[in-house]
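What follows is a short report on a single structure.
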Amino acid sequence: MLFLPADTGAVSVGADDVAAAIEACSISQALDVRIVRTGSRGAYWLEPLLEVATPAGRIGFANLSAGDVPALFAAGVPTGAHPSCLGLVDALPWLRQQQRLTFARAGIIDPLSLSDYRDTGGLAGLERARALAPQAIIHEVVASGLRGRGGAAFPAGLKWQTVHDTPAAVRYVVCNADEGDSGTFADRLLIEADPMQLIEGMAIAARAVGAAQGFIYLRSEYPLAARTLDRALHVAREAGVLGDGFDIAVRLGGGAYICGEETALLESLEGRRGVVRAKPPLPAREGLFGQPTVINNVLTFAAVTEVLARGGAAYAGHGVDRSRGTMPFQLAGNVTRGGLVEVPFGITVRALVEGFGGGCASGRPMKAVQVGGPLGAYLPESQWDAPLAYESMAAIGAMLGHGGVVVFDDTADMGEQAQFAMEFCAHESCGKCTPCRIGSTRGAEVIGRLRRGESVAASRALLDDLCETMELGSLCALGGLTPMPVRSVLRYFGHELVPAMPAPLGEEVPA
Amino acid sequence: MRTADDEVDTLRDLLSGAEAGSTPLLPLLQAVKQRVGHVSPGAIRMVAQALNLSRAEVHGVVSFYGDLREAPVGRHVVQVCMAEACQSVGCRALMRHAAQALGVSAGTTTSDGRVHLEAVYCLGNCALGPAVRIGDRVHGAVTPARFDALIAQLGGTA
Ligand SMILES: Cc1cc2nc3c(=O)[nH]c(=O)nc-3n(C[C@H](O)[C@H](O)[C@H](O)COP(=O)(O)O)c2cc1C
Ligand code: SF4
Ligand code: FES
């Protein structure tokens, strides 16, 4: 049996062509092979990664192209004797050193096979939840210490409790699969590799709060994930995982970043412009169509299956401080071994980008690491020993967000990055608050002036002022956090942003 | 070649199942865009009428979402990711190359109507950038040479 990912990343570098070449080869050589199209293990630096089942386990052949296939299959199905063989995939240090709870099945099972899912521990959480009272389910989630993985890190149990306790005839469960942050792809990877886990997690939530209808709001930039999800929902309905009092519909986004913000997402689901709503009321009290609504990220729902299957206490056993469990970090950008790294909270930036990542793909020195998406800080080497956890990132004026970690080499122009942060905000602002809508445009202009060395002192003062106004005067984190990447550039790379300014390393006040 | 009459027929077909108050607007507009390629002012009028909404309301939604364009664009939409992870591996240079090779700037269509080039912010392929989406296919690790090859493969009239 052969395994080859049909994941967006793998396909983007030729996995479908490799599959076609193998089919052609097996016909011409009369080989009896079946290719299971899995999701990806997340080892994107090895894609397309072909795996061949052997009695000892699956052996891997990495970075294949269609042109490699005839030689690879010249002597029949390739074995460990072939020079390009990586050996047992499970034994690769890059994978062995991870602690995969949520992504344990990714790249291993057929994403659309419910029996594969069940054989690898799937549905145990839902079965246990069905035997528990709703309040007991919520107790498990509270005990796990699970915080939302979408970015804001709000305790999941508390949210579910609020929805449970709010009197209403109708309640909803909504999955935020908008994943707009650059450098993040874990939601997509999970949906393409193990969609049943998301469906199971949402079904558990529905039981806990008494919801009959769920929605998955998926961004339109993910066409392959959309197809996989549709098929998986069909399979789940046929098998009775869904349908018995709870069903899920998929809605595609319209290409607007702000629709990842939960209240804008709800507006969009209701068919309107994705404009942020003022809170309170919280969506947990008045959410979709004014009804109490659980809205969680893909990875939060996925983690809940593990919490229910093994108990909240077991999940809470991983991590540091109030960052419990594991976190799927996404290692991206200019990095040698990019991909999904799931480890307990508390790993340092350096261990991630140097240990797992192996430095820059360009072979040049690493200069900056942006953590937490477009609203996250750019960290210089002096900050790479900081542990990746919610509290420790906040302590250095940074944030974890959805776990995106983007590596830049020494050719990066940090002034350009700071300017882009403002431009992105201007492009994606929902338009409700002036500081965000207008301030970001002014911010990009001021940074442009600074970069050209025009009226440096005045521009610098104006930029600080603008950042403060955006932080204090914005309704949501798009306007409120855009100053974070900007300030991190001023603080750590200020000498680059304004060549005329002496290097004031670490002298600015952190955000 | 699609005619205005085809468009009206397609819209009637889509709207026949839609009812005021019960059909979600965004999925309906997405279906229009999927089938027609864009959401024209005429389509906005028909949708507003069918769902008993004001034209301004529907227009407001169409203009908010980047995916829902009001005018037709090129036969092939080519999106180059311009977000941070792709920036770190050279998407700015790739976009400059793309613009030059096609003779257009980002957000515009070649004069023969063949290719519409646009910037997009993250295709979820950030570990394998620079990323480019053409139709429903995402391509990773795209070099200028690979970009040219991908464009060359696009049919002239498809
Ligand atoms: C500008 C902005 C964009 C956001 N984008 C996303 C997103 O793409 N995906 C996501 O899950 N949460 C996103 N969030 C966070 C959501 O508002 C919300 O906190 C989350 O969906 C709750 O789920 P969780 O508690 O499971 O994380 C965003 C927030 C803001 C302010
Ligand atoms: S901060 Fe920006 S995106 Fe957020 S509500 Fe205000 S205008 Fe909208
Ligand atoms: S940043 Fe380009 S695909 Fe994510």
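Letters go in sequence order (proteins before strands), and every chain restarts at 1.
Counting non-hydrogen atoms of neighbouring residues, nucleotides and ligands closer than 6.0 angstrom, the CD atom of B/E70 exceeds 12 such neighbours. Summarising the local packing, CD of A/E270 is surrounded by more than 12 heavy atoms from other residues, nucleotides or ligands at distances under 6.0 Å. The neighbour count for B/H38 NE2, taken as heavy atoms of other residues, nucleotides or ligands under 6.0 Å away, is above 12.
Both the backbone and the side chain of A/L252 come within less than 4.5 Å of a heavy atom in chain B. A/Y44 touches chain B through backbone and side chain together, each having a heavy atom under 4.5 Å away. Only the side chain of A/R219 comes within less than 4.5 Å of a heavy atom of chain B; its backbone N, CA, C and O stay farther away. For chain A, the nearby part of B/V120 is the side chain; its heavy atoms alone come within less than 4.5 Å. When heavy atoms are compared at a cutoff of 4.5 Å, A/V335 does not approach chain B at all. Contact of A/D181 with chain B is made through the backbone alone, with heavy-atom distances under 4.5 Å. In this structure, no portion of A/L189 lies under 4.5 Å from any heavy atom of chain B.
Scanning residues 78-88 of chain B against chain A with a 4.5 Å heavy-atom cutoff picks out B/M82, B/A83, B/E84, B/A85, B/Q87, B/S88, ordered by number. Contacts from residues 360-377 of chain A to chain B, taken as heavy-atom pairs separated by less than 4.5 Å, involve A/Q370, A/P374 in sequence order.
The closest side-chain donor-acceptor pair between B/Y65 and A/S220, if any, does not fall under 3.5 angstrom.
The distance from the CD atom of A/E221 to the CG atom of B/N125 is 13.0 Å, given to the nearest 0.5 Å.
The candidate from A/G333, A/G42, A/G338, A/G9 with the greatest count of non-hydrogen atom pairs under 4.5 Å with chain B is A/G333. Annotation: maximal heavy-atom pairing with chain B below 4.5 Å, among A/S182, A/G431, A/G271, A/G14, occurs at A/S182.
In terms of heavy atoms, A/Y222 sits closest to B/G124 at OH-CA, 3.5 Å. Heavy atoms only, all atoms of each residue included: B/F64 and A/C259 are closest at CE2-SG, 4.4 Å. Shown here for A/G183 and B/C122, the closest heavy-atom pair between the two residues is N-SG, 4.2 Å. When all heavy atoms are compared, the tightest approach of A/A332 to B/C126 is CB-O, 3.4 Å. Nearest approach of A/R273 to B/S63, heavy atoms of both residues: NH1-OG, 3.7 Å.
The pair A/E416-B/R92 meets the salt-bridge criterion, since a charged nitrogen lies less than 4.0 angstrom from a carboxylate oxygen.
The side-chain heavy atoms of A/V13 and B/H139, taken from C-beta on, include no pair separated by under 4.5 Å. No side-chain heavy atom of A/R251 sits under 4.5 Å from any side-chain heavy atom of B/L26. Between A/Y257 and B/Y121, the closest side-chain pair of non-hydrogen atoms is not below 4.5 Å.
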